[in-house]
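Shown next, in C-alpha coordinates, is the structure this report addresses.
This is a predicted model, so every value here is computed, not measured. Below, chains carry the letters A, B, ... as their sequence lines are ordered, and counting in each starts from 1.
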There are 2 protein chains.
Amino acid sequence: MPTRPPARDRLLTAADAVLFERGVRTTPVDELLRQADVSPATMYAHFGSKEALVAEALRRRLSRWQQVWDAHVLAADDDVSRLLALFDALAAYREERTARWCAFLATAAEHLEEGEVADVVTADTALLSERLLHLARPVAGARAQELADEVLLAYTGTLASFLRGTPDSAITVGRRLAESAARAHLVDPASTTGS
Amino acid sequence: MPTRPPARDRLLTAADAVLFERGVRTTPVDELLRQADVSPATMYAHFGSKEALVAEALRRRLSRWQQVWDAHVLAADDDVSRLLALFDALAAYREERTARWCAFLATAAEHLEEGEVADVVTADTALLSERLLHLARPVAGARAQELADEVLLAYTGTLASFLRGTPDSAITVGRRLAESAARAHLVDPASTTGS
DNA sequence: GTCTATAAATCGATAGAC
DNA sequence: GTCTATCGATTTATAGAC
(Lines give C-alpha, C1' and ligand atoms only; values in the text may rest on other atoms or scores of the structure.)
Protein backbone atom coordinates (compact mmCIF):
# COMPACT_ATOMS: atom_id res chain seq x y z
CA MET A 1 0.00 0.00 0.00
CA PRO A 2 1.18 3.52 -0.82
CA THR A 3 2.98 5.46 1.88
CA ARG A 4 1.71 8.93 2.56
CA PRO A 5 4.06 11.57 1.14
CA PRO A 6 5.99 13.60 3.71
CA ALA A 7 4.59 16.90 4.92
CA ARG A 8 6.94 18.94 2.78
CA ASP A 9 5.72 17.32 -0.43
CA ARG A 10 2.10 17.57 0.60
CA LEU A 11 2.59 21.28 1.20
CA LEU A 12 4.18 21.87 -2.18
CA THR A 13 1.47 19.90 -3.94
CA ALA A 14 -1.25 21.89 -2.21
CA ALA A 15 0.55 25.15 -2.88
CA ASP A 16 0.88 24.40 -6.57
CA ALA A 17 -2.76 23.44 -6.86
CA VAL A 18 -4.30 26.34 -4.97
CA LEU A 19 -1.89 29.27 -5.01
CA PHE A 20 -1.99 30.10 -8.69
CA GLU A 21 -5.67 29.39 -9.12
CA ARG A 22 -6.95 31.50 -6.23
CA GLY A 23 -4.12 34.01 -6.10
CA VAL A 24 -1.01 34.07 -3.93
CA ARG A 25 -2.02 36.94 -1.70
CA THR A 26 -5.63 35.86 -1.59
CA THR A 27 -4.80 32.39 -0.33
CA PRO A 28 -4.09 32.36 3.41
CA VAL A 29 -1.49 30.00 4.80
CA ASP A 30 -4.36 28.38 6.66
CA GLU A 31 -5.88 27.17 3.43
CA LEU A 32 -2.67 25.48 2.33
CA LEU A 33 -2.29 23.85 5.73
CA ARG A 34 -5.80 22.45 5.58
CA GLN A 35 -5.38 21.08 2.05
CA ALA A 36 -2.04 19.53 2.89
CA ASP A 37 -3.24 18.40 6.31
CA VAL A 38 -0.16 19.85 7.97
CA SER A 39 0.17 21.95 11.10
CA PRO A 40 1.47 25.55 11.02
CA ALA A 41 4.53 24.64 13.06
CA THR A 42 5.55 21.95 10.58
CA MET A 43 5.18 24.29 7.65
CA TYR A 44 7.29 26.99 9.26
CA ALA A 45 9.85 24.40 10.29
CA HIS A 46 10.25 23.38 6.65
CA PHE A 47 10.02 26.70 4.86
CA GLY A 48 10.37 29.47 7.40
CA SER A 49 7.80 31.74 5.76
CA LYS A 50 4.91 31.81 3.34
CA GLU A 51 7.13 33.69 0.90
CA ALA A 52 9.68 30.87 0.88
CA LEU A 53 6.98 28.28 0.25
CA VAL A 54 5.62 30.33 -2.63
CA ALA A 55 9.11 30.73 -4.08
CA GLU A 56 9.78 26.99 -3.94
CA ALA A 57 6.43 26.21 -5.58
CA LEU A 58 7.27 28.71 -8.32
CA ARG A 59 10.72 27.23 -8.87
CA ARG A 60 9.11 23.82 -9.36
CA ARG A 61 6.66 25.28 -11.83
CA LEU A 62 9.43 26.93 -13.80
CA SER A 63 11.42 23.73 -13.91
CA ARG A 64 8.48 21.66 -15.13
CA TRP A 65 7.43 24.30 -17.64
CA GLN A 66 10.95 24.32 -19.06
CA GLN A 67 10.77 20.55 -19.53
CA VAL A 68 7.46 20.69 -21.37
CA TRP A 69 8.64 23.49 -23.61
CA ASP A 70 11.87 21.62 -24.38
CA ALA A 71 9.96 18.51 -25.38
CA HIS A 72 7.79 20.44 -27.82
CA VAL A 73 10.76 22.22 -29.37
CA LEU A 74 12.49 18.88 -29.90
CA ALA A 75 9.36 17.37 -31.44
CA ALA A 76 9.04 20.16 -34.02
CA ASP A 77 10.69 19.62 -37.39
CA ASP A 78 11.35 23.00 -38.93
CA ASP A 79 12.57 26.40 -37.77
CA VAL A 80 9.22 28.14 -37.65
CA SER A 81 7.58 25.20 -35.88
CA ARG A 82 10.34 25.22 -33.27
CA LEU A 83 9.74 28.92 -32.65
CA LEU A 84 5.99 28.42 -32.36
CA ALA A 85 6.33 25.29 -30.21
CA LEU A 86 5.98 27.71 -27.30
CA PHE A 87 2.25 27.85 -27.89
CA ASP A 88 1.82 24.09 -28.28
CA ALA A 89 3.77 23.63 -25.07
CA LEU A 90 1.47 26.10 -23.34
CA ALA A 91 -1.60 24.18 -24.43
CA ALA A 92 -0.10 20.94 -23.13
CA TYR A 93 1.13 22.50 -19.90
CA ARG A 94 -2.27 23.95 -19.11
CA GLU A 95 -3.78 20.51 -19.24
CA GLU A 96 -1.52 19.08 -16.58
CA ARG A 97 -1.41 22.05 -14.22
CA THR A 98 -4.18 24.30 -13.08
CA ALA A 99 -3.72 28.07 -13.01
CA ARG A 100 -5.97 31.03 -13.62
CA TRP A 101 -3.58 32.56 -16.10
CA CYS A 102 0.18 32.48 -15.60
CA ALA A 103 1.73 31.69 -12.24
CA PHE A 104 4.74 33.93 -12.86
CA LEU A 105 2.94 36.97 -14.22
CA ALA A 106 0.30 36.62 -11.53
CA THR A 107 2.98 36.63 -8.89
CA ALA A 108 4.68 39.58 -10.55
CA ALA A 109 1.38 41.44 -10.45
CA GLU A 110 0.85 40.75 -6.77
CA HIS A 111 4.37 41.17 -5.41
CA LEU A 112 6.04 44.51 -5.95
CA GLU A 113 8.79 43.96 -3.44
CA GLU A 114 12.09 42.42 -4.25
CA GLY A 115 13.06 39.06 -2.84
CA GLU A 116 13.08 35.35 -3.48
CA VAL A 117 9.72 35.33 -5.23
CA ALA A 118 10.50 38.23 -7.54
CA ASP A 119 13.67 36.41 -8.57
CA VAL A 120 11.76 33.43 -9.95
CA VAL A 121 9.51 35.73 -11.92
CA THR A 122 12.57 37.42 -13.40
CA ALA A 123 14.05 34.02 -14.19
CA ASP A 124 10.94 33.11 -16.17
CA THR A 125 11.21 36.22 -18.31
CA ALA A 126 14.93 35.66 -18.79
CA LEU A 127 14.33 32.07 -19.86
CA LEU A 128 11.71 33.15 -22.38
CA SER A 129 13.83 35.98 -23.79
CA GLU A 130 16.98 33.93 -24.20
CA ARG A 131 15.36 30.88 -25.72
CA LEU A 132 13.13 32.83 -28.07
CA LEU A 133 16.09 34.81 -29.31
CA HIS A 134 17.91 31.54 -29.96
CA LEU A 135 14.91 30.01 -31.71
CA ALA A 136 14.27 33.15 -33.77
CA ARG A 137 17.81 33.24 -35.14
CA PRO A 138 17.33 30.59 -37.88
CA VAL A 139 14.07 32.25 -38.92
CA ALA A 140 14.92 35.94 -38.90
CA GLY A 141 18.71 36.05 -38.90
CA ALA A 142 19.98 39.50 -38.04
CA ARG A 143 16.49 40.57 -37.07
CA ALA A 144 16.05 37.75 -34.60
CA GLN A 145 15.71 40.13 -31.68
CA GLU A 146 12.75 41.87 -33.28
CA LEU A 147 10.99 38.60 -33.97
CA ALA A 148 11.75 37.26 -30.50
CA ASP A 149 10.25 40.40 -28.96
CA GLU A 150 7.13 39.93 -31.03
CA VAL A 151 6.71 36.28 -30.14
CA LEU A 152 7.24 37.00 -26.44
CA LEU A 153 4.62 39.73 -26.58
CA ALA A 154 2.15 37.43 -28.34
CA TYR A 155 2.82 34.77 -25.71
CA THR A 156 2.39 37.25 -22.87
CA GLY A 157 -0.79 38.48 -24.50
CA THR A 158 -2.14 34.95 -24.72
CA LEU A 159 -1.58 34.42 -21.02
CA ALA A 160 -3.07 37.75 -19.96
CA SER A 161 -6.06 37.13 -22.21
CA PHE A 162 -7.18 34.45 -19.79
CA LEU A 163 -7.89 37.29 -17.36
CA ARG A 164 -10.44 38.64 -19.80
CA GLY A 165 -12.36 35.40 -19.60
CA THR A 166 -11.14 34.27 -22.99
CA PRO A 167 -11.22 30.48 -23.26
CA ASP A 168 -8.49 28.42 -24.88
CA SER A 169 -8.96 30.28 -28.15
CA ALA A 170 -6.35 32.73 -26.86
CA ILE A 171 -3.67 30.16 -27.57
CA THR A 172 -4.88 29.84 -31.16
CA VAL A 173 -4.99 33.59 -31.69
CA GLY A 174 -1.60 34.13 -30.08
CA ARG A 175 -0.04 31.42 -32.16
CA ARG A 176 -1.53 32.89 -35.33
CA LEU A 177 -0.17 36.31 -34.41
CA ALA A 178 3.29 34.89 -33.80
CA GLU A 179 3.11 32.95 -37.04
CA SER A 180 2.28 36.11 -38.98
CA ALA A 181 5.27 37.80 -37.42
CA ALA A 182 7.51 34.86 -38.32
CA ARG A 183 6.31 34.76 -41.92
CA ALA A 184 6.77 38.50 -42.24
CA HIS A 185 10.41 37.99 -41.32
CA LEU A 186 10.81 35.00 -43.61
CA VAL A 187 9.85 36.88 -46.75
CA ASP A 188 11.93 39.87 -45.72
CA PRO A 189 15.32 39.56 -47.44
CA ALA A 190 17.05 41.85 -44.92
CA SER A 191 16.31 39.43 -42.12
CA THR A 192 18.53 36.64 -43.38
CA THR A 193 21.66 38.73 -43.45
CA GLY A 194 23.04 37.25 -40.27
CA SER A 195 22.10 33.62 -40.84
CA MET B 1 -7.29 81.53 -3.56
CA PRO B 2 -8.21 78.00 -4.55
CA THR B 3 -10.77 76.19 -2.45
CA ARG B 4 -9.78 72.77 -1.23
CA PRO B 5 -11.62 70.01 -3.08
CA PRO B 6 -14.21 68.09 -1.04
CA ALA B 7 -13.20 64.90 0.72
CA ARG B 8 -14.84 62.68 -1.86
CA ASP B 9 -12.77 64.11 -4.69
CA ARG B 10 -9.58 64.01 -2.67
CA LEU B 11 -10.21 60.34 -1.99
CA LEU B 12 -10.78 59.51 -5.64
CA THR B 13 -7.68 61.41 -6.68
CA ALA B 14 -5.57 59.61 -4.12
CA ALA B 15 -7.11 56.26 -5.06
CA ASP B 16 -6.37 56.79 -8.73
CA ALA B 17 -2.79 57.79 -8.04
CA VAL B 18 -1.84 55.04 -5.62
CA LEU B 19 -4.15 52.07 -6.13
CA PHE B 20 -3.00 51.00 -9.56
CA GLU B 21 0.65 51.75 -8.99
CA ARG B 22 1.03 49.86 -5.72
CA GLY B 23 -1.73 47.33 -6.22
CA VAL B 24 -5.30 47.33 -5.01
CA ARG B 25 -4.97 44.64 -2.40
CA THR B 26 -1.53 45.79 -1.34
CA THR B 27 -2.68 49.32 -0.62
CA PRO B 28 -4.44 49.60 2.75
CA VAL B 29 -7.32 51.99 3.19
CA ASP B 30 -5.10 53.77 5.67
CA GLU B 31 -2.72 54.80 2.92
CA LEU B 32 -5.50 56.35 0.87
CA LEU B 33 -6.83 58.17 3.91
CA ARG B 34 -3.42 59.63 4.67
CA GLN B 35 -2.83 60.77 1.08
CA ALA B 36 -6.28 62.30 0.85
CA ASP B 37 -6.11 63.65 4.39
CA VAL B 38 -9.51 62.24 5.19
CA SER B 39 -10.73 60.31 8.23
CA PRO B 40 -11.95 56.70 8.02
CA ALA B 41 -15.47 57.67 9.03
CA THR B 42 -15.74 60.18 6.21
CA MET B 43 -14.53 57.68 3.66
CA TYR B 44 -17.02 55.04 4.77
CA ALA B 45 -19.78 57.65 4.86
CA HIS B 46 -19.11 58.43 1.21
CA PHE B 47 -18.38 55.02 -0.25
CA GLY B 48 -19.44 52.38 2.27
CA SER B 49 -16.49 50.09 1.59
CA LYS B 50 -13.04 49.92 0.08
CA GLU B 51 -14.48 47.87 -2.75
CA ALA B 52 -16.92 50.63 -3.67
CA LEU B 53 -14.16 53.23 -3.68
CA VAL B 54 -12.03 51.04 -5.92
CA ALA B 55 -14.96 50.49 -8.26
CA GLU B 56 -15.64 54.20 -8.57
CA ALA B 57 -11.98 54.94 -9.23
CA LEU B 58 -12.00 52.27 -11.93
CA ARG B 59 -15.14 53.65 -13.55
CA ARG B 60 -13.47 57.05 -13.78
CA ARG B 61 -10.41 55.46 -15.35
CA LEU B 62 -12.50 53.65 -17.91
CA SER B 63 -14.38 56.80 -18.80
CA ARG B 64 -11.20 58.82 -19.26
CA TRP B 65 -9.50 56.03 -21.21
CA GLN B 66 -12.46 55.86 -23.56
CA GLN B 67 -12.13 59.61 -24.22
CA VAL B 68 -8.44 59.38 -25.03
CA TRP B 69 -8.96 56.41 -27.33
CA ASP B 70 -11.83 58.19 -29.10
CA ALA B 71 -9.69 61.25 -29.73
CA HIS B 72 -6.94 59.18 -31.31
CA VAL B 73 -9.35 57.27 -33.52
CA LEU B 74 -10.84 60.54 -34.76
CA ALA B 75 -7.40 61.98 -35.46
CA ALA B 76 -6.39 59.03 -37.64
CA ASP B 77 -7.04 59.31 -41.37
CA ASP B 78 -7.26 55.82 -42.78
CA ASP B 79 -8.78 52.49 -41.78
CA VAL B 80 -5.60 50.81 -40.60
CA SER B 81 -4.51 53.89 -38.64
CA ARG B 82 -7.89 54.01 -36.92
CA LEU B 83 -7.52 50.37 -35.89
CA LEU B 84 -3.99 50.93 -34.60
CA ALA B 85 -4.91 54.20 -32.86
CA LEU B 86 -5.41 51.99 -29.80
CA PHE B 87 -1.66 51.87 -29.31
CA ASP B 88 -1.11 55.58 -29.83
CA ALA B 89 -3.88 56.24 -27.32
CA LEU B 90 -2.18 53.92 -24.86
CA ALA B 91 1.09 55.81 -25.17
CA ALA B 92 -0.69 59.10 -24.56
CA TYR B 93 -2.79 57.75 -21.71
CA ARG B 94 0.24 56.41 -19.90
CA GLU B 95 1.74 59.87 -19.83
CA GLU B 96 -1.17 61.45 -18.04
CA ARG B 97 -1.98 58.65 -15.59
CA THR B 98 0.33 56.50 -13.56
CA ALA B 99 -0.13 52.75 -13.36
CA ARG B 100 2.18 49.80 -13.10
CA TRP B 101 0.59 48.06 -16.06
CA CYS B 102 -3.17 48.11 -16.63
CA ALA B 103 -5.61 49.12 -13.92
CA PHE B 104 -8.32 46.80 -15.20
CA LEU B 105 -6.24 43.69 -15.78
CA ALA B 106 -4.46 44.26 -12.49
CA THR B 107 -7.76 44.40 -10.70
CA ALA B 108 -8.95 41.32 -12.55
CA ALA B 109 -5.83 39.51 -11.43
CA GLU B 110 -6.33 40.47 -7.80
CA HIS B 111 -10.09 40.09 -7.45
CA LEU B 112 -11.57 36.70 -8.20
CA GLU B 113 -14.93 37.37 -6.60
CA GLU B 114 -17.85 38.78 -8.45
CA GLY B 115 -19.16 42.22 -7.62
CA GLU B 116 -18.97 45.86 -8.49
CA VAL B 117 -15.25 45.81 -9.20
CA ALA B 118 -15.36 42.76 -11.44
CA ASP B 119 -18.10 44.46 -13.45
CA VAL B 120 -15.87 47.39 -14.43
CA VAL B 121 -13.18 44.98 -15.54
CA THR B 122 -15.71 43.16 -17.69
CA ALA B 123 -16.88 46.49 -19.09
CA ASP B 124 -13.33 47.32 -20.17
CA THR B 125 -13.02 44.07 -22.08
CA ALA B 126 -16.46 44.54 -23.63
CA LEU B 127 -15.54 48.06 -24.73
CA LEU B 128 -12.34 46.85 -26.34
CA SER B 129 -14.00 43.90 -28.08
CA GLU B 130 -16.88 45.87 -29.51
CA ARG B 131 -14.87 48.82 -30.72
CA LEU B 132 -12.09 46.75 -32.20
CA LEU B 133 -14.61 44.65 -34.10
CA HIS B 134 -16.14 47.85 -35.46
CA LEU B 135 -12.75 49.29 -36.40
CA ALA B 136 -11.58 46.02 -37.95
CA ARG B 137 -14.60 45.78 -40.26
CA PRO B 138 -13.33 48.23 -42.93
CA VAL B 139 -9.93 46.54 -42.90
CA ALA B 140 -10.79 42.85 -42.84
CA GLY B 141 -14.44 42.72 -43.89
CA ALA B 142 -15.94 39.33 -43.19
CA ARG B 143 -12.87 38.36 -41.21
CA ALA B 144 -13.10 41.36 -38.93
CA GLN B 145 -13.62 39.20 -35.86
CA GLU B 146 -10.35 37.37 -36.45
CA LEU B 147 -8.43 40.60 -36.84
CA ALA B 148 -10.13 42.19 -33.83
CA ASP B 149 -9.15 39.18 -31.71
CA GLU B 150 -5.57 39.54 -32.85
CA VAL B 151 -5.37 43.24 -32.12
CA LEU B 152 -6.93 42.77 -28.68
CA LEU B 153 -4.41 40.07 -27.90
CA ALA B 154 -1.53 42.27 -29.05
CA TYR B 155 -2.88 45.09 -26.89
CA THR B 156 -3.29 42.83 -23.88
CA GLY B 157 0.22 41.52 -24.46
CA THR B 158 1.60 45.03 -24.55
CA LEU B 159 0.02 45.82 -21.19
CA ALA B 160 1.12 42.59 -19.53
CA SER B 161 4.64 43.07 -20.89
CA PHE B 162 5.05 45.93 -18.44
CA LEU B 163 5.02 43.27 -15.71
CA ARG B 164 8.16 41.80 -17.25
CA GLY B 165 9.96 45.06 -16.75
CA THR B 166 9.77 45.94 -20.41
CA PRO B 167 9.94 49.69 -20.92
CA ASP B 168 7.79 51.61 -23.38
CA SER B 169 9.14 49.53 -26.24
CA ALA B 170 6.27 47.14 -25.57
CA ILE B 171 3.92 49.63 -27.18
CA THR B 172 6.09 49.72 -30.29
CA VAL B 173 6.30 45.93 -30.50
CA GLY B 174 2.59 45.47 -29.88
CA ARG B 175 1.71 48.02 -32.51
CA ARG B 176 4.03 46.34 -35.00
CA LEU B 177 2.42 42.99 -34.30
CA ALA B 178 -1.06 44.41 -34.77
CA GLU B 179 0.04 46.11 -37.95
CA SER B 180 1.36 42.83 -39.36
CA ALA B 181 -1.97 41.23 -38.60
CA ALA B 182 -3.85 44.06 -40.28
CA ARG B 183 -1.66 43.92 -43.39
CA ALA B 184 -2.05 40.15 -43.58
CA HIS B 185 -5.79 40.69 -43.76
CA LEU B 186 -5.49 43.50 -46.27
CA VAL B 187 -3.71 41.41 -48.86
CA ASP B 188 -6.01 38.48 -48.25
CA PRO B 189 -8.78 38.63 -50.87
CA ALA B 190 -11.16 36.50 -48.79
CA SER B 191 -11.21 39.12 -46.08
CA THR B 192 -12.98 41.81 -48.08
CA THR B 193 -15.97 39.66 -48.90
CA GLY B 194 -18.19 41.34 -46.40
CA SER B 195 -17.14 44.95 -46.93
C1' DG C 1 -19.90 66.14 7.00
C1' DT C 2 -16.13 65.36 9.66
C1' DC C 3 -13.52 63.94 13.52
C1' DT C 4 -11.11 60.45 17.32
C1' DA C 5 -11.11 56.11 19.14
C1' DT C 6 -11.92 51.42 18.84
C1' DA C 7 -14.20 47.27 17.54
C1' DA C 8 -14.03 42.94 14.80
C1' DA C 9 -11.88 40.00 11.82
C1' DT C 10 -7.97 38.10 9.37
C1' DC C 11 -3.51 36.45 8.90
C1' DG C 12 1.45 35.36 9.35
C1' DA C 13 4.30 33.45 12.61
C1' DT C 14 5.86 31.40 17.29
C1' DA C 15 5.85 28.90 21.98
C1' DG C 16 6.08 24.88 24.25
C1' DA C 17 4.75 19.96 24.71
C1' DC C 18 5.06 15.26 22.76
C1' DG D 1 9.23 16.08 12.98
C1' DT D 2 4.86 17.01 14.35
C1' DC D 3 1.18 18.66 17.14
C1' DT D 4 -2.22 22.34 19.78
C1' DA D 5 -2.73 26.74 21.27
C1' DT D 6 -1.85 31.45 20.90
C1' DC D 7 0.58 35.76 20.06
C1' DG D 8 1.18 40.09 17.57
C1' DA D 9 0.52 42.80 13.72
C1' DT D 10 -2.35 44.41 10.15
C1' DT D 11 -6.59 45.88 8.16
C1' DT D 12 -11.44 46.72 7.28
C1' DA D 13 -15.12 48.86 9.27
C1' DT D 14 -18.06 51.18 13.03
C1' DA D 15 -19.44 53.88 17.39
C1' DG D 16 -20.24 58.05 19.27
C1' DA D 17 -19.06 63.04 19.76
C1' DC D 18 -18.82 67.67 17.50
Side-chain angles (χ1 to χ4, degrees), chain A residues 2-58 106-107 109-118 120, chain B residues 2-58 106-107 109-118 120:
Chain A
T3 320
R4 197 188 192 203
R8 185 189 157 87
D9 291 340
R10 297 204 307 277
L11 277 168
L12 283 170
T13 302
D16 195 81
V18 184
L19 232 40
F20 310 115
E21 180 65 30
R22 306 246 301 244
V24 173
R25 228 165 183 121
T26 316
T27 307
V29 178
D30 242 47
E31 175 73 26
L32 301 178
L33 297 174
R34 233 178 303 125
Q35 291 236 4
D37 194 30
V38 163
S39 74
T42 302
M43 189 242 128
Y44 283 99
H46 276 291
F47 294 98
S49 70
K50 181 186 176 182
E51 168 108 2
L53 170 58
V54 172
E56 181 60 24
L58 274 175
T107 308
E110 290 187 272
H111 287 73
L112 321 166
E113 323 92 30
E114 300 173 357
E116 212 181 349
V117 166
V120 191
Chain B
T3 319
R4 198 190 192 199
R8 184 189 157 87
D9 290 341
R10 296 205 307 276
L11 278 168
L12 284 170
T13 302
D16 194 80
V18 184
L19 232 39
F20 310 115
E21 180 64 31
R22 307 244 304 242
V24 173
R25 226 161 185 124
T26 316
T27 307
V29 178
D30 240 48
E31 176 71 27
L32 301 177
L33 297 175
R34 232 179 303 124
Q35 291 235 3
D37 194 31
V38 163
S39 74
T42 302
M43 188 244 129
Y44 283 99
H46 276 291
F47 294 98
S49 70
K50 181 186 177 182
E51 168 110 2
L53 171 57
V54 173
E56 181 59 24
L58 275 175
T107 308
E110 290 188 90
H111 286 73
L112 320 168
E113 323 94 30
E114 300 173 359
E116 212 180 349
V117 166
V120 191

Do you know which two heavy atoms are closest between [X] and [Y], and how far apart they sit?
| X | Y | result |
| --- | --- | --- |
| A7(A) | V38(A) | CB-CG2, 3.8 Å |
| L11(B) | L32(B) | CD2-O, 4.4 Å |
| V24(B) | K50(B) | O-NZ, 2.9 Å |

Could you state the atom-to-atom distance from [atom1] of [X] to [atom2] of [N] in whole Å?
| X | N | atom1 | atom2 | result |
| --- | --- | --- | --- | --- |
| E51(A) | dC11(C) | CD | P | 18 Å |
| L19(A) | dC11(C) | CG | C1' | 15 Å |
| R22(A) | dT10(C) | CZ | P | 14 Å |
| R34(A) | dT10(C) | CZ | P | 12 Å |

Exercise. Checking side chain to side chain contact (heavy atoms under 4.5 Å, CB included) for the pair E116(A)/L58(A): CA distance, chi angles, key distance, verdict?
Worked result: CA-CA 10 Å; E116(A) 212 181 349; L58(A) 274 175; over 6 Å; no

Exercise. What residues, two or more places apart in sequence or in another chain, satisfy side-chain contact (heavy atoms from CB on, under 4.5 Å) together with P5(A)?
Worked result: D9(A), R10(A)

For this session: Sequence neighbours left out, what passes side-chain contact (heavy atoms from CB on, under 4.5 Å) with A57(A)? Give chain and number order.
Result: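 If we apply the side-chain contact (heavy atoms from CB on, under 4.5 Å) test to A57(A), skipping adjacent residues, the hits are L12(A), A15(A), F20(A).
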
Problem set entry | Range on DNA chain D touched by chain A, heavy atoms, distance below 4.0 Å | dT2(D) to dA5(D)

Exercise. Can you list, by residue number, the residues of residues 39-50 of chain A that have a non-hydrogen atom closer than 4.0 angstrom to DNA chain D?
Worked result: S39(A), P40(A), A41(A), T42(A), H46(A)

For this session: Quick one: which residue pairs count as a salt bridge (charged side-chain N to carboxylate O under 4.0 Å, His left out) with a foot in residues 35-45 of chain B, not counting sequence neighbours?
Result: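 Found R4(B)-D37(B).
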
Exercise. Listed by chain and number, what are the side-chain hydrogen bond (donor to acceptor under 3.5 Å, both in side chains) partners of S49(B), not counting sequence neighbours?
Worked result: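 Testing S49(B) for side-chain hydrogen bond (donor to acceptor under 3.5 Å, both in side chains), a comparison that skips the adjacent residues, returns none.
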
